[in-house]
Amino acid sequence: MNFTRSSSPHHHIRRKTSEVMRMVIYAAVPGLMLQTWFFGWGAIVHLLLAVTTAVATEALFLELRKKDFEKAIKDFSAILTALLLAISIPPFAPWWISVLGTFFAIAIVKQLYGGLGFNLFNPAMAAYVMLLISFPVQMTNWTPPLELAQYSHGFVDAVYIIFTGFSAEGYSLAQLKTDIDGFTLATPLDSVKTELTMGKTLTESLQSSVFSDGLSIGWFWINCAYLLGGLVLIRTRVINWHIPGGMILGMLALSLIMYGVDSDVYSSPLFHLFNGGFMLGAFFIATDPVSASTTNRGRLIFGAGIGAWVYIIRTWGGYPDAIAFAVLVMNMAVPLIDYYTRPRTYGHYSEHKKSMKVAKSDKQP
Amino acid sequence: MYKQFDEILTRINDGKLWDFPGGVSPQGKKELSNTTDIDRLPLPKELYVTVKQHIGVEGHVEVEEGQQVLKGQLLTKSMNPFAVPVHAPTSGKIKSISPHVSAHPSGLPKLTITIEPDGLDKWTEMTPLSNYTELPKIKTVEAICSAGISGMGGAGFPTHIKASPKKDVEFLIINGVECEPYISSDDRLMREHAWQIRQGIDVLSHLLTPKKVIIAIEDNKPEAIKAMQVTCQEQDNYIVSPIPTKYPAGGEKQLIQVLTSREVPKQGLPVDVGVIMQNVGTCFAIADAVYTGKPLVERVVTLTGEALNAPRNVWALIGTPIEHLLKQADYQEKRQRNSKVIMGGPMMGFAVASEQVPVIKTTNCILVPADKELPEIGDEQPCIRCGACADACPASLLPQQLFWHSKAKELDKAQDYNLFDCIECGACAFVCPSEIPLVHYYRIAKSEIHNQELEKDQADKARERFEARKLRLVREQQEREEKHRKAAEARKQAMSSDKGDAKDKIAAALARAKAKKAAASDEAADASPEVTGKQDKVAAAVARAKAKREAAKQSTDSEATTDTAEQPVDKKDKVAAAVARAKAKREAAKQITDAEATTDTGEQPQDKKDKVAAAVARAKAKREAAKQSTAHQADATTNDMQQTDTDTSVQAEPTQPMSKQDKIAQAIAKAKAKRDAAKAQQQEQDEK
Ligand code: SF4
Ligand code: SF4
């Protein structure tokens, strides 16, 4: 009788990479739903576009690289990338934004670097930055929450706007951005930024109609949903707490200090934490394992770095929100962080001291 | 950082232990096998006792084929402090001494003594040492060594070495953790034989005089904890310490960390942090050895897995083939699509090569999982750098980096990331979502690094050898000239002096015996893989075998073969050889003519360049053999066999690569030659 040979361990936990990715996707669903609720169906339309593009691009490239694409697509990583990009771009951006962005993310950032596991940068965020720099107008065209908007819009409107630039009833995107009184509404982060540069105090700028009680309408709840999803991911051990924890701590520390220095000019920590894509970034984007640090201490530093960068760019930089930039900057620092945060291996506790001792005893024969 | 004894003791007494980083919690599955008593099995048809079952060097085979042995009789003898002997597991006949598939992941054949049981299971005479407390400690250590005890939990480190450390011992830790899933042999042993385990602990604690003895048991074995507590209660110095269940808490380094927070320094030993650890099974065997004189011939083995109908713990004789155990446990082949048997647990065990693999002293479990139970892992997917492996690693390594560099064959970098601190526990591969066989990659990388080092070593050694040889040739030349000169002188003197007396003869015999011993150890040195050319090996082995036989014959003839003593082996032998030479020379004076005829027979082929020399030796040896074949009928049987064996290999040598048969023949020739040498040694002692 011939026995099968295999290497130990013979026992494996039953959680595959594809399951990990799938769980991340599921955990993002509440946030995505709230986003749709507040901002209309645009995100869903873009999601469909992005996923299709992602799968097609992945298949194409794997075919070119002579790899089995069926298996690779089943790992859900491309779909997750598509999802993250789709919910980051403005809901009524033209269709080619998400198609181009996803193609760029999968083809250039991921596959050209060698496929899953080899990309240095977070594909979704690299694509986002590429889009933002190339198409600044389309990428900053956020519509206000539906409850504030002058014209309401449904799924069909969303499809129309994305593909033609006009809703089914013929309203242009610019019209959709106006409030009941006919004023164009900016996003909360945008509006605070502009008002502050105009010399107003923070309290004054929070009077804008996109805020209620100092919190951004819509955005606050969306961030809460992503926070919730993220906590579930930590609970189920899909992600470690270190990156989101670090990111929140980094943001909290900087914003608290500045808020303490001058609460008239600098927004509160709460404002920053629950605005823009912060929670999405903390739990879903920065935690992309491939491009993040791999040691626990490193993850804390990585997260804190992102948090700090987000604050710095939001406050003093040229862009209202900055998750993508911050993530990319810290992606670049990962090799360095990883190198300097290697955990102390068992039994190596006195290595430094010992080598010093050896060096000394060498000198005195 | 380094916790002091008192602090550690308080924490242990309070039951507040430390923790080790990482670790995983696979399902225990112990209930499959731990509910019934340890069972006795009928004798198997054949037993395969592997000669080397531990870390260290192999002992010297003391028996021959066809010999009857009794249960517990010594089969090999320890020649070296790192050698542990093996004993006959039952009474019967030695069927063969030859390579047999081994209980090793590689499954490569190793020298094995096959015994056909006679069914009587008759014990040899035993010498207990029950008054060990009154004897010098070294006696007890010797008894442990000669009972063949090596660590029964892990890698099989010779126990007697651990029992005589050079440093002070603060803690003697008795490891009853058994953290691997499925295995329950120590659990059952503790439940059923707690008293005897305690006796073993008593012996160890007498030898080591530790400040405290800790018996560590995972808290998923309440019955074992209870049993040990009861038996140890009157020993103030012993404490039974339940430890949290987490894999791999039973790893030596991890257990030390859990109990004392100390870490064994890299490349260090537990005793460097004041700890000696022994497994409970080892304690049981020590008690056997000391109180009854029984050597280690059986052990508890867990037979488990859902492909067995009768999983349980059994007493298995060392050498029992797995086939026998599977039959006893009612193996259901149909529950496995591909037959697979794991020796050890699911985390660190290895899949055995065949059903003929024997139980060895470290075999604690035979696991035969059903298909669904431990499914084969799927295809490896790319590492997503999720870090799950790093979170699980008890040694705080970065498995994904190790994997990356091992796979890319960047061996230097892998070592930078402390590849050699990996204990191969498998926790990383257990959690990896991409199903990467991480440990497999590490093993390959490790062996590649070893090979590289070996090659470098070999190159260095070859150069050294070459230079040494040049020197030796010069020296030999000088010596020979000197000898001839002396012989000439002696001849002159002999004309006038009287015949040699009996004393001289004895001296000469002694010299020859020493020379043979030298030859034997020389061969041992050659047996290491340093000799490169296969053909050369054959040639050398043949030459050696012949030369030795030659030597044996000549000892009866009392012909002086002056040069046999000229092997530079080791210092001691050199001195001996010098003495021998001196004596032999005196002898030579009497037998001048003969001496000159046989000068070169003993010259040993030392390396591949000596092929020519070997050929010469062979030729001479043959001539010699022809000359003397009639004179010596006494050794006829063995010699004849040897003759045929060696002849085959001689014929095969020049053209074909070595076939299996030849290899075996060669091995047999070597074994015989060794035995002859050993006999000669025995003779030498007798003569003394
Ligand atoms: S667990 Fe596997 S996939 Fe995750 S980092 Fe380690 S090796 Fe890579
Ligand atoms: S096998 Fe090695 S690298 Fe993997 S968890 Fe165990 S010690 Fe760490």
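Letters go in sequence order (proteins before strands), and every chain restarts at 1.
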Looking at [options], which has the largest count of heavy-atom pairs under 4.5 Å with chain A?
options: B:Pro181, B:Gly426, B:Ala395; result: B:Ala395
options: B:Val24, B:Val352, B:Leu397; result: B:Val352
options: B:Leu367, B:Ile342, B:Leu438; result: B:Ile342
options: B:Met348, B:Gln381, B:Met347; result: B:Met347
options: B:Pro26, B:Ala390, B:Gly349; result: B:Gly349
options: B:Val439, B:Leu398, B:Val431, B:Ile423; result: B:Leu398

field: Closest-packed option against chain B by number of heavy-atom pairs under 4.5 Å, given A:Arg299, A:Arg237, A:Met21, A:His11
entry: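 Ranked by heavy-atom pairs under 4.5 Å with chain B, first place is A:His11.
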message: Let's test your reading of the structure: which of A:Ser291, A:Pro343, A:Ser77 forms the most heavy-atom pairs below 4.5 Å with chain B?
response: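 Ranked by heavy-atom pairs under 4.5 Å with chain B, first place is A:Pro343.
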message: For the CD atom of B:Gln401 and the CG atom of A:Asp338, what is their distance to the nearest 0.5 Å?
response: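 Going from the CD atom of B:Gln401 to the CG atom of A:Asp338 covers 6.0 Å.
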Spatial distance of atom NZ (B:Lys29) from atom CD (B:Glu180) [nearest 0.5 Å]: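 Reported to 0.5 Å precision, the distance equals 14.5 Å.
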field: NZ or CZ of B:Lys246 within 45° of B:Phe20 ring axis and under 6.0 Å
entry: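 The answer is yes; both the distance and angle limits are met.
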message: For B:Phe420, I'd like to know if atom CZ has over 12 heavy atoms of other residues, nucleotides or ligands within 6.0 Å.
response: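 For B:Phe420, atom CZ is crowded (more than 12 foreign heavy atoms under 6.0 Å).
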query: Of the backbone (N, CA, C, O) and the side chain (C-beta and beyond), which part of A:Val290 lies under 4.5 Å from a heavy atom of chain B, both, or neither?
result: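 Both backbone and side chain.
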query: With only heavy atoms counted, which part of A:Asp288 is less than 4.5 Å from chain B, the side chain, the backbone, both or neither?
result: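 Looking at A:Asp288, nothing touches chain B.
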Which atoms of [X] approach chain A - backbone, side chain, both or neither, heavy atom under 4.5 Å:
X: B:Pro437; result: neither
X: B:Gln356; result: neither
X: B:Cys386; result: both

Check the side chains of [Y] and [X] for a donor-acceptor pair under 3.5 angstrom, ignoring hydrogens and angles.
X: B:Ser33; Y: B:Thr302; answer: no
X: B:Gln254; Y: A:Tyr346; answer: no
X: A:Thr345; Y: B:Asp421; answer: no

task: Walk me through it: do B:Glu424 and B:Arg443 pass the test salt bridge (charged side-chain N to carboxylate O under 4.0 Å, His left out)?
output: CA-CA 8 Å; B:Glu424 299 186 11; B:Arg443 287 203 191 100; 2.9 Å; yes
- prompt: Is the ring centre of B:Tyr441 less than 6.0 Å from the ring centre of B:Trp404?
  reply: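 Between B:Tyr441 and B:Trp404, the centre distance exceeds or equals 6.0 Å.
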